[in-house]
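Some notes on the structure that comes next.
Values below: every heavy atom of this structure, side chains too, minus hydrogens, waters and symmetry copies. Just so we're clear, the structure is a prediction, and the values are computed from it rather than from any experiment.
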Amino acid sequence: MTTPASYRLRRDSRNKLVAGVCAGIARRYGLSRGGLRVAFLISCVLPGPQFVAYLLLWILIPADDQF
């Protein structure tokens with residue numbers, strides 16, 4: 001784990017797989033993008049609102065507009 005940079009919470013449009021939510025959260029908090037994605041996928045086998053939370057984050061977190 002690295003030290004968090006002073007990035008604002010934004011969806012990462014350059015390193016996205018679906019919407020950039022996991023990549024943006026990982027960049028903001030200094031986590032591994034792949035590790036956060038794997039953790040999300042593993043959490044999807046557990047009961048809970050993971051997909052609804054992802055959709056809400058997709059809507060609520062603005063894109064970073066870096067192409």
Side-chain angles (χ1 to χ4, degrees):
M1 191 160 88
T2 61
T3 353
S6 61
Y7 293 109
R8 299 179 79 189
L9 183 56
R10 303 263 185 199
R11 288 186 286 123
D12 191 350
S13 59
R14 285 193 277 178
N15 297 307
K16 68 181 184 176
L17 286 181
V18 176
V21 174
C22 289
I25 291 172
R27 181 179 61 187
R28 168 62 179 97
Y29 294 106
L31 303 171
S32 162
R33 288 187 308 264
L36 189 61
R37 289 173 179 148
V38 168
F40 174 74
L41 288 174
I42 290 172
S43 76
C44 287
V45 299
L46 301 172
Q50 290 85 344
F51 291 112
V52 174
Y54 190 88
L55 290 174
L56 284 174
L57 290 172
W58 188 350
I59 293 167
L60 296 175
I61 298 174
D64 61 1
D65 297 329
Q66 293 178 359
F67 294 102

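- Here CD1 of Ile42 is found 10.0 Å from SG of Cys44. Values are rounded to the nearest 0.5 Å.
- Ion pairing between Asp64 and Arg27 holds under the 4.0 Å rule for side-chain N and carboxylate O.
- When side chains are defined from C-beta on, Val21 does not count as touching Phe40, because their heavy atoms never get closer than 4.5 Å.
- Across all non-hydrogen atoms, the minimal contact from Gly24 to Leu9 is O-CD1, 4.0 Å.
- In this structure, Val38 is not a member of the same hydrophobic cluster as Leu17, with clusters built from ILVMFWY side-chain heavy atoms closer than 4.5 Å.
- Note on Leu36 and Val18: same hydrophobic cluster, where clusters join Ile, Leu, Val, Met, Phe, Trp and Tyr whose side-chain heavy atoms are under 4.5 Å apart, directly or indirectly.
- The distance from the CD1 atom of Ile61 to the CG atom of Leu57 is 4.5 Å, given to the nearest 0.5 Å.
- Checking Lys16, Arg33, Arg37 one by one against Cys22, the side-chain contact (heavy atoms from CB on, under 4.5 Å) holds for a single residue, Arg37.
- In plain terms, the two heavy atoms of Gln50 and Ser43 that are nearest each other are NE2-O, 2.7 Å.
- The two residues Tyr54 and Gly20 have their closest heavy-atom pair at OH-N, 4.1 Å.
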